[in-house]
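Structure first, commentary second.
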2 protein chains.
Amino acid sequence: MEREKFKEFLITKGLKSTKERDEILNEVLAMKKHFDPEELFIRLKAKGSKVSRASVYRTIPLLLEIGIIEEVERTDRHAHYEIVSKDRHHDHMICMNCGNVIEFYSPTLEMLQDEICQKEKFQGLRHSLEIFGYCEKCRS
Amino acid sequence: MEREKFKEFLITKGLKSTKERDEILNEVLAMKKHFDPEELFIRLKAKGSKVSRASVYRTIPLLLEIGIIEEVERTDRHAHYEIVSKDRHHDHMICMNCGNVIEFYSPTLEMLQDEICQKEKFQGLRHSLEIFGYCEKCRS
DNA sequence: TTCATTGCAAAAGCTTTGCATGTGT
DNA sequence: ACACATGCAAAGCTTTTGCAATGAA
């Protein structure tokens, strides 16, 4: 499914489907939560793959572009990514003039909930974020 | 005010009050929004200060420790910080068992609101985040 | 055959650190 | 005088890039 999307994308862009790219995508899809490039590389190595770090770093922008992964907050020194899933939590932006509601999703926000809760020793189960303001049409 | 806090902190820790640390703190306090180490360094240079990048990098952890600044999300390659202000927006964690409400503040969340709104061309004015779950006492 | 891709190693960008020198207390 | 601080330059880490060799279409 994601695999087909990837292949299609590569063809459309005049790029090539390679063993390395397949291996990387597979490993990304095997990740449960968010990950960083080094982690991905280590796992691939551990599985006997011969991909180089360079290929991992070069494939990530492609996966970002198709929307298979998204960038999450950088907590450490390095970048973090997570897989985009279909049925996921979303939050709302509410226009104070026309009442229009815009849904949005932010992987960073989802991570943030975990971090904040951990700091307060709170067991967070769900959250609701509402941003109030004016939508594109109604803003002056 | 922040300056006294800093001096006190240094004394308590057996550290020394130096011209460089003063200059850095002053420049940090002069920053309106969030900043990164390089920006801070450039500004100090521009003002004729002779502090080194190393001192900037070595002073930041101290300011973090006293709570004069907080770390904000890393959007680029480098770290960002912002000054902690007293009367600031806060959000809530609500215990679904005892109803206890914990207030918290997250600089990253504040930045996130801006970023998300920009993406959707929404003029965000305020937000409300509520995290539901169980507090330390009530979690099983 | 023709380009894109790969791996390697070198480079780049941000941050940290070792060391000799300088400076508050 | 004694620690701790500072500046410099070198080292450390993560990420990017140049290049020759390789491989998909």
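Order of the sequence lines fixes the chain letters, A, B, ..., with proteins taken first and strands second; residue numbering starts at 1 for each chain. These numbers come from the heavy atoms of this one structure, side chains and all, not from hydrogens, waters or symmetry mates.
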In whole Å, what is the span from the [atom1] atom of [X] to the [atom2] atom of [N]?
X	N	atom1	atom2	value
A:E39	D:dC13	CD	P	18 Å
B:R58	C:dT17	CZ	C1'	8 Å
A:K13	C:dA4	NZ	P	13 Å
B:K7	C:dT25	NZ	P	9 Å
A:H80	D:dT14	NE2	P	10 Å
B:L10	C:dG24	CG	P	13 Å
B:E38	C:dT15	CD	P	8 Å
B:E23	D:dA5	CD	P	16 Å

Considering only side-chain heavy atoms of [X], which listed nucleotide, [options], is closest?
X	options	answer
A:L15	D:dG7, D:dT17, C:dT5	C:dT5
B:P37	D:dA25, D:dG7, C:dT15	C:dT15
B:T18	C:dG7, D:dT6, D:dT15	D:dT6
A:R53	C:dG7, D:dT6, D:dT15	D:dT15
A:K16	C:dT5, D:dT6, C:dG7	C:dT5
B:S52	C:dG7, D:dT15, D:dC8	D:dC8

Polar pair under 3.5 Å, donor/acceptor by atom type, side chain B:R21, base C:dG24: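 Donor-acceptor pair under 3.5 Å: no.
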
May I ask you to say what A:K19 touches in the nucleic acid, namely base, sugar-phosphate or nothing, with a heavy-atom cut-off under 4.0 Å?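 A:K19: no heavy atom of the nucleic acid under 4.0 Å.
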
In Å and rounded to the nearest 0.5 Å, what is the CD1 to OG1 distance from A:I116 to B:T108?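 Nearest 0.5 Å value for the CD1-OG1 distance: 8.0 Å.
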
Hey, what do you get for CG (B:L129) to CG (B:L112), rounding to the nearest 0.5 Å?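 The distance works out to 10.0 Å.
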
For residues B:C135 and B:C95, report the shortest heavy-atom separation together with the two atoms involved.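 In terms of heavy atoms, the two residues are closest at N-SG, 3.4 Å.
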
Looking at B:R53 and B:E38, is there a salt bridge between them, counting it only when a charged N and a carboxylate O are closer than 4.0 Å?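 Salt bridge present between B:E38 and B:R53.
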
Salt-bridge criterion met for A:K47 and A:E23 (N-O under 4.0 Å):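 Salt bridge absent between A:K47 and A:E23.
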
With nearest nucleotide decided by heavy atoms, which residue, A:L62 or A:K45, maps closer to the 5′ end of DNA chain C?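 Checking each residue's closest nucleotide, the 5'-ward one belongs to A:L62.
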
Determine: side-chain N/O of A:Y57 to OP1/OP2 of D:dT15, distance under 4.0 Å, yes or no.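 Yes, A:Y57 has a side-chain N/O under 4.0 Å of OP1/OP2 on D:dT15.
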
